[in-house]
Student: 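Have a look at this one before I ask anything.
A, B, ... follow the sequence lines: proteins, then strands. Residue 1 opens every chain.
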Amino acid sequence: MLMAWSSICWLAISLLVGAIAIAKIHYPPLLAGIPALTYGRLVAVQDSVFIYGFASQAAMAVALWLICRLGATTLIGSGVAVLGALIWNLGVAVGFVGILSGNLSPFEHFQFPHAAMPILLLGYCVYGVSAILTFWSRKECSMYPSLWFVFAGLIFFPWILATAMMTLWSPVVRGSVAPIVALWAGQNLVALWLGMIGLATIYYFLPKLTGRSLYSNALAVFAFWFTILFAQSSGMHAQAAFPAWIAGLSEITTILLVIPAAASALNWYRTLGNVDRTLGSAPAYRFMRKASNFYVLSVVVAAFAALRPVNRMLEFTIFQTGLAQLTLLGFFTFSMFGAFVYILPRVTQAEWPKPEFSIHLQGSTIGAALVIGGLILGGLVQGSQFQSLTTDFVKAVRSAAIPFGGIALFGYLILFAAQIAFLFNMLGLVCCSICGKEDVRR
Amino acid sequence: MNIAPFIFIGLFATFSASWFGFVFRSQAEIGRETQYMNPITGAVYPVAREGRAQQGTEVYRAQGCAACHTQQVRALSEGNDIVRGWGIRRTVAADYMLDRPALLGNVRLGPDLANIGLRKGTNDVVALYKHLINPRSVRGGEKSIMPLYKYLFEKRRASGTPGAVIMENEPGFEYIPSDDAKSLVAYLISLKSNGDVFEAPMPQPKAPSTNAPAGTNMTATATNAAAAPTTNAPAK
């Protein structure tokens, strides 16, 4: 509960910072006198706080719950897990202040200052003790596919984090080695940590919420191995200063990722059949359906953008930001929302004060669509303008960043408002839970 | 049967592949590169930055400049960076050999800066200061979306202090560059990827024109730089 609450708080902060950053593009003199709020730092805060404050923390919380549920066991060492979460949040806070005070590193998803990384890793290790003990004590020995994904994510995450921590700030690693490692680590942090937990929740909740069994376990296992095989070297082609084999390999694997994604999509589609009408109104189910659609869409769009002529046009444009947001803000965030909506009442043994989630669901959907759509369309315009030599550079950037950035700004604000509504709903849930316990005592 | 250990071994083996490929191999190959020496001119490339410019790297990093500016020039077959005048040749891994950290960037909301030192030249320090104080005051940048970095300067009533920057649209005031501003501009001027490297040699001019006027504009510098080895080559 602590992790869910703090993760949504950090998400709201990240979204608000994102909105301010875009507003500064529209009107540069806005807050121009404050060094902490210069555009470069705000963007870094937005990205890092999203990844560590919200996404990783939510993934850790949901992973722990899935281990308990699928292993038919109770959480072992809940105090340890809470301690881990507290250390983790301390790390995020250190990173947040560090970036604003100008101690940021230039690598995407790793902008936190070096000092924050050991705290985060320690927090994860403390949390990991509880996760491993719970995993070992599971009574259900056969592993459902979701547990495979959780298991993989929990192994990959510290590996990626430790590699990044030991290389990106190291005086031994110089030149373009650090950007290559940063790109590899950042890509895998999204695909093989957040992506794995996101897929785990979809694989668990879609059958669970519809009361059906998964269409094919074998197909899920196929998707599992091939996602890992291809994702680990994908998404690294939009760079111009690296050895050619990196771009070549990455283009191919990004396109090949369509195969495991198609396997997953087929599996979900066959599982669901035609149950839409009966369950269409359950919020958890609707979030999960949207998350699965976003996932398939993100893989297909990424594969299309990896084609060499397309990449040539879209390289270095805000399309890349939009694509990243399609995975993070679309697929991953919606899968976490769906999981929270289902899990939190069961953990607190209370009822949602507003069980229909109308504001949160609609707001998140519209907001995410505006952000993603705005950035992707803006990137397409920017890319085509860059190709024409007659267009002045500033004009080319403005034609993308001003109208489409404005759409994204609007989207961030809606998303922010939706998260505030969600936080109030969670607050009500906690109050409800405390009142309920007092009733029992009487 | 508990299959977790087998999954663990499988995951370890799979992910090790990319770890070795991207992390270990990168460090073993690119991390060990040494400076190139042109056998004819004896010029060494890349050259380490002098102290002030090296400090400027930190300012560039701390202000988050890399969020909007890339420092990587694509080959002619990959994009029109060179046609736009952002570089003479494509950039390769060797260009960043001595950078720590290499500030490559990955989104272009501003122009590429890999060769800003060649474009501006050492005489244009004041122009760069003015650009940092207010990007919209610079000719051609009236609609710039770049943030203002006034806070790197101290604004005072004009008193003719040496080294002060005077903005045309703010008469009666002068801006004194802070240490950070001086370092940042020194760093920007040091940004030049114009050396001969094995993977991406400098383009040779069609007809060596040693009489090209020495100027701060990049094509002239390029011609001079590239022409020198041609004319000094030993006669066969």
Student: Could you check which of B:Gln71, B:Glu58, B:Glu29, B:Arg136 has the highest count of heavy-atom pairs closer than 4.5 Å to chain A?
Tutor: B:Arg136
Student: Non-hydrogen atoms of chain A under 4.5 Å away: do they reach the side chain of B:Arg32, the backbone, both or neither?
Tutor: backbone
Student: Among B:Cys65, B:Ala66, B:Ser16, B:Ala67, which has the most heavy-atom pairs under 4.5 Å with chain A?
Tutor: B:Ser16
Student: Find the one option among A:Asp392, A:Thr167, A:Thr38 whose heavy-atom pairs under 4.5 Å with chain B are most numerous.
Tutor: A:Thr38
Student: For the residue pair B:Phe15 and A:Trp159, does the interplanar ring angle fall in the parallel (under 30°), tilted (30 to 60°) or perpendicular (over 60°) class?
Tutor: perpendicular
Student: So which of B:Tyr96, B:Tyr149, B:Phe22, B:Tyr60 has the largest heavy-atom pair count under 4.5 angstrom toward chain A?
Tutor: B:Phe22
Student: Which one wins on heavy-atom pair count under 4.5 Å against chain B: A:Gln239, A:Arg308, A:Gln320?
Tutor: A:Gln239
Student: If we define contacts as heavy-atom pairs under 4.5 Å, which of B:Leu109, B:Thr70, B:Val59 has the most with chain A?
Tutor: B:Leu109
Student: Below 4.5 Å from any heavy atom of chain B, which atoms of A:Ile155 appear? Answer side chain, backbone, both or neither.
Tutor: side chain
Student: Over 60° means perpendicular and under 30° means parallel, so tell me whether A:Phe226 and A:Phe230 are parallel, tilted or perpendicular.
Tutor: tilted
Student: Among B:Leu104, B:Asp81, B:Val73, B:Asp95, which residue forms the greatest number of heavy-atom pairs with chain A at distances under 4.5 Å?
Tutor: B:Leu104
Student: Any idea which of B:Ala114, B:Ser144, B:Ala102 has the most non-hydrogen atom pairs under 4.5 angstrom with chain A?
Tutor: B:Ala102
